[in-house]
A.B. asks: 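This is the structure I want to talk about, given as structure tokens.
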Amino acid sequence: MSVPLYQAKAEMFRTLGHPVRIRVLELLQDGPKPVRDLLAEIDVEASNLSQQLAVLRRAGIVTSFRDGALVMYALSTPDVADLLAAGRRILGAVLTDRDGLLVELRAQGRRR
């Protein structure tokens, strides 16, 4: 029995629901990077980064390959970068709406 599509989507979003994983994906938008470069950009222990990379790899969101002695990581598809861009747009719209509501609430408070 296969997993319903909505359940698979929910699992993908749960996988993305960690700040270190999001940061890794942001960094990989510019192209493949070795673990040492990711570590230099993300303030976590190597073991924590390794765990988060393994989660992303198991989910198929990133791929890994060897380049000589280096283990390189890359986005599995450019669609991951598109998803991150959509997230930024949604967040921007949500925060803009909240700011608008806050301004409106303050304005209404002054009128009373």
A.B. asks: Is there a side-chain contact between Leu16 and Leu25 (heavy atoms, below 4.5 Å)?
C.D. replies: yes
A.B. asks: Kindly compute the distance separating OG1 (Thr15) from CD1 (Ile61), expressed to the nearest 0.5 Å.
C.D. replies: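 The CD1 atom of Ile61 is 5.0 Å from OG1 of Thr15, to the nearest 0.5 Å.
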A.B. asks: Taking all non-hydrogen atoms of both residues into account, name the closest pair between Arg21 and Arg14 and its distance.
C.D. replies: NH1-O, 3.7 Å
A.B. asks: Got a list of side-chain donor-acceptor pairs under 3.5 Å for residues 41-51, not counting sequence neighbours?
C.D. replies:
unit_1: Asn48; atom_1: OD1; unit_2: Gln52; atom_2: NE2; d: 3.1

A.B. asks: Checking the side chain of Ser64 only, and the main-chain atoms of Met72 only, is there a donor and an acceptor separated by less than 3.5 Å?
C.D. replies: no
A.B. asks: CG/Leu84 to CG/Leu91 distance, rounded to the nearest 0.5 angstrom?
C.D. replies: 12.0 Å
A.B. asks: What I'd like to find out is whether the side chain of Lys9 reaches to under 4.5 Å of the side chain of Leu5, using heavy atoms alone.
C.D. replies: yes
A.B. asks: Under 4.5 Å between any side-chain heavy atoms of Thr63 and Tyr73, yes or no?
C.D. replies: no
A.B. asks: Same cluster or not: are Val94 and Phe13 linked, directly or through other Ile, Leu, Val, Met, Phe, Trp or Tyr residues, by side-chain heavy atoms under 4.5 angstrom apart?
C.D. replies: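 No, separate clusters.
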A.B. asks: Could you tell me whether Phe65 atom CZ has more than 12 heavy atoms of other residues or ligands within 6.0 Å of it?
C.D. replies: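 Buried by this count: over 12 neighbours within 6.0 Å.
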A.B. asks: Using the rule that two of Ile, Leu, Val, Met, Phe, Trp, Tyr join whenever any of their side-chain heavy atoms come within less than 4.5 Å, decide whether Leu38 and Leu70 are in one cluster.
C.D. replies: no
A.B. asks: Does a side-chain heavy-atom distance below 4.5 Å link Val24 with Lys33?
C.D. replies: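 Heavy-atom side-chain distance check fails, nothing below 4.5 Å.
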A.B. asks: Would you say Val80 and Leu28 make side-chain contact, with heavy atoms under 4.5 Å?
C.D. replies: no
A.B. asks: To the nearest 0.5 angstrom, please state how far the CG atom of Leu27 sits from the CD1 atom of Ile22.
C.D. replies: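 Those atoms lie 11.5 Å apart.
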A.B. asks: Taking a hydrophobic cluster as the set of Ile, Leu, Val, Met, Phe, Trp and Tyr residues connected by side-chain heavy atoms closer than 4.5 Å, whether directly or through intermediates, do Leu53 and Met12 fall within one such cluster?
C.D. replies: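 In one cluster: yes.
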A.B. asks: Determine the minimum heavy-atom distance between Gly60 and Ser76, stating which atoms define it.
C.D. replies: O-OG, 2.7 Å
